[in-house]
Amino acid sequence: MKRYLSLLVVCSILAFACRKNNNKDAVSMNVKTFWPNSGNAGTIVTLQGQGLTKDVSVSFNGTDAKVVDARDSILIVLAPEQGTSGTLTVKAGERKQDLGTYTYQALSLHGINPANGPAGTNISIRGAGFSSLEGPAAVIVNGKAALITAASDTLLIAVVPEGAGTGKVVVNVSGKTVSGPDFTFQLISSIKPVKGGAGTQVVISGTGFSTAATGNMVTFNGKPATVVSAADNKLVVTAPEGVATGPVAVSINGQKTVGNVFTVVPKPVIKTVAPLSGPAGAVVDITGDYFSTLADEVSVMFNGQPAVVTTTGDRQISVKVPAGAGAGALQIMVNGQQTTGPLFKEQALGVKQLLPDNGLAGTEVIVKGIGFSSNAGDNMVTFNGISVPVSEATDTTLRVVMPVGISTGAVQVKVGSLVAAGPVFKRAGVITFAGGPNSSAFNYPFGVAADKNGNVYVGDVHVIKKVAKDGTVTLFAGRADGQSGFENGTGTNASFNYVTGMVVDAQDNLYVVDQVNKALRKITPAGVVTTYARFTFTPFGIAIDKNGTLFVGGQYNGPYKLDAFGNATRLALNAYETPGTTMAVDNAGNIFYTSDDAQVLRISDGNKSIYTGFQWGYNDGPLRMAGLSLLSGIVSDPVAGVMYIADNNAVRMVTDDAVITVAGWKGGTAPPRGGYQDGTLNQALFSSIRSICVDTEGNMYVVEQTNKTVRKIFFK
């Protein structure tokens, strides 16, 4: 009896083990797809999934098939000789799957190559029965018709259509259909960010990527990048060292997909931070370049503590001071590129803004900030080291007047034991240098030039007048009675006929455009006048480069270049504009000039193009968006690296690929109001500017027709 019971237990254990093994087979075996779904006896059929071992049996409508190969994820069988059309079934232990219908017919699809790629990929489809007398074969990729470029009974070549997506390749012939394996459709839909540099992490979104990082070869403008992580719809990659602007591409199994352009930009540039101190929660404004309009692409740290970014743009970011910032450097990271800025101090005292931020002696300035004392005497204020008394005070504003001797430099406020550094105050503004609406110093001033000794020369109809450093005006060259003529000589023994543009060379020789006489006249510092060149065209504007080469603008003929003998050569055959009284030449030899069409034009290597002024108007902004109006001249300040434009009643500046109004107008879309007012750059008013020039110290001189004056603009 005991022996019988022992045998029963053993049998039970074995039966349980068999059931457990069968259940294991049922769980592990799973077929996801098979192809082809039709063919003759002996056709190779591929099953794809998991748990596909040689123990798995396959039947075609009840007839067992021969297993040729088994590799866990792939099972290859032959359609049996005695099989009939019907259900294809797989079994593993007690696990059974009906996969779909297999049809015995001549039409069969054995494979595709490549099995992945973007739209436009040529795929070779191997099989049998593709030929028909009834009509051509048709190829469908994931439900979309593909163009067949070549066909035979055993081979079709088709082009993957746009937007096909991932799905089965299907061939239709004479009403019969066969489906093959999936074609993996590759597409880069977007990259983020689209700007950055070496080390920037870029997310590539799309379809058809390999889930193995090593299966994706990513390049930035042809340079290989490192894949950090991979999914079928997203890759995270690091832009490589030496990256250049160009398209991002992904290659999988040798099939390349080209996506968006990644634009290389420098790391962020910090220009100003205001205030440089303040308590937790205070708003700090940061200006600069190469920021981002997207907050998730920007991070700001105060001494290692992350700050909350409230607003962000390409050139300005606003953040809140984090608690625990202490005292340390401010850092900005934009798309993986980091820049360290000035020191910031977490404290109750801070200076945020100066109104105005420029002026001359006597200018009243409001210092705005936090933590000031309402008792004026408790606030110690200095501008570039010069102590300035406070006349009125609140806890957020201090009122001061700029003293004699003020110079460009940062403001500092001390209250008790706390010290706060503030923005830079610029010694800048506009004064009347000579003449004026009620003065008889000038009749119709036009051209202007300055020598290295601080003397300014002004063309006044048919004569040239000299303005000394103290503003005294004297007749330098031309007839004393102011009449026209064409005579060489010294001082008043010479004569001219309508003076327009003028420039000074390194030896302080003055070159004057004598318009009606169609000549360029040279005047030495001693006042000796000679004729440097005669022209067949009517001259107007003038420029000189760093090497002393002269350029003259022809009326309706554009700019000409003069050789040492005064011979003129046109710089661009398609230039028919009349340049303003002044033109500008950069260090590369490109010439810039204003035109009657409210544009600044550039000639480089004989080719003319629009530099800025693509639309009429008065708005500031990037070169292609800024509006210009009545232009009369343009000059370059090589030391500051900027150009200035005379525009109607305002002075505009070109810097950082943008046009900014610096004096005579506060911006907007309305025309600049004409007037006559000295003061800060924002307060000053001009009327009918005719010419401008810059001296060796960076000061600008502005000649106005209506006000009959020469105004001086200080920028330093």
**Message:** Between Asn335 (side chain only) and Lys195 (backbone N and O only), is there a donor and an acceptor less than 3.5 Å apart?
**Reply:** yes
**Side-chain donor/acceptor of Ser632 to backbone N/O of Ile689, under 3.5 Å** = yes
**Prompt:** Listed by chain and number, what are the ring pair (Phe, Tyr, Trp, His ring centres under 6.0 Å) partners of Phe551, not counting sequence neighbours?
**Reply:** none
**Asked** Do Asp647 and Ser629 get their side chains close enough for a donor-acceptor pair, meaning under 3.5 Å?
**Response** yes
**Message:** Test your reading of the model: is there a side-chain donor-acceptor pair from Asp586 to the backbone of Gly589, 3.5 Å cut-off?
**Reply:** yes
**Message:** Could you check whether any side-chain N or O of Gln347 sits under 3.5 Å from a backbone N or O of Leu349, counting only pairs where one atom can act as donor and the other as acceptor?
**Reply:** yes
**Request:** Would you kindly say whether Tyr290 and Asp314 are connected by a side-chain donor-acceptor distance under 3.5 Å?
**Result:** no
**Message:** Quick check on Asp605: does its CG atom have over 12 non-hydrogen neighbours (other residues, nucleotides or ligands) under 6.0 Å away?
**Reply:** no
**Prompt:** Quick one: ring pair (Phe, Tyr, Trp, His ring centres under 6.0 Å) pairs with a partner in residues 262-288, sequence neighbours left out?
**Reply:** Phe220-Phe262
**Message:** Under 3.5 Å, is there a donor on one side chain and an acceptor on the other for Ser373 and Asn379?
**Reply:** no
**Message:** To the closest 0.5 Å, what do you measure between CE (Met625) and CG (Asn619)?
**Reply:** 7.5 Å
**Request:** Just grab all the ring pair (Phe, Tyr, Trp, His ring centres under 6.0 Å) pairs involving residues 385-411, residues at least two apart or on different chains.
**Result:** none
**Message:** Can you list everything that forms a ring pair (Phe, Tyr, Trp, His ring centres under 6.0 Å) with Phe686? Sequence neighbours excluded, please.
**Reply:** none
**Asked** Ion pair present between Arg652 and Asp620, side-chain N to carboxylate O less than 4.0 angstrom?
**Response** yes
Validation: residues 315-333 side-chain donor-acceptor distances under 3.5 Å, sequence neighbours left out:
unit_1	atom_1	unit_2	atom_2	d
Arg315	NE	Asp289	OD1	3.4
Arg315	NH2	Asp656	O	2.9
Ser318	OG	Asp285	OD1	2.6
Ser318	OG	Thr311	OG1	3.3
Gln331	NE2	Thr340	OG1	3.3

**Request:** Please collect all side-chain hydrogen bond (donor to acceptor under 3.5 Å, both in side chains) contacts where either partner lies in residues 409-428, sequence neighbours excluded, each pair once.
**Result:** Asp357-Lys426
**Item:** side-chain hydrogen bond (donor to acceptor under 3.5 Å, both in side chains) against Ser407, all qualifying residues, sequence neighbours excluded
**Value:** Asn384
**Message:** My understanding is that only residues two or more places apart in sequence, or in another chain, count here; which of them pass side-chain hydrogen bond (donor to acceptor under 3.5 Å, both in side chains) with Asp678?
**Reply:** Thr432, Arg711
**Prompt:** Counting distance only, does the side-chain N/O of Ser391 pair as donor-acceptor with the main-chain N or O of Arg399 below 3.5 Å?
**Reply:** yes
**Prompt:** Between the main-chain N or O of Pro268 and the side-chain N or O of Thr339, is there a donor-acceptor pair closer than 3.5 Å?
**Reply:** yes
**Asked** Taking the side chain from Lys352 and the backbone from Val283, do they hold a donor-acceptor pair closer than 3.5 Å?
**Response** yes
**Prompt:** Considering residues at least two apart in sequence or located in another chain, which fulfil the side-chain hydrogen bond (donor to acceptor under 3.5 Å, both in side chains) criterion with Lys192?
**Reply:** Asp296, Glu297
**Item:** With Thr582 via side-chain hydrogen bond (donor to acceptor under 3.5 Å, both in side chains) - residues at least two apart
**Value:** none
**Item:** Pairing residues for Phe715 by the ring pair (Phe, Tyr, Trp, His ring centres under 6.0 Å) criterion, not counting sequence neighbours
**Value:** Tyr644
**Item:** Those residues that, when tested against Phe425, pass ring pair (Phe, Tyr, Trp, His ring centres under 6.0 Å) (two or more places apart)
**Value:** Phe383
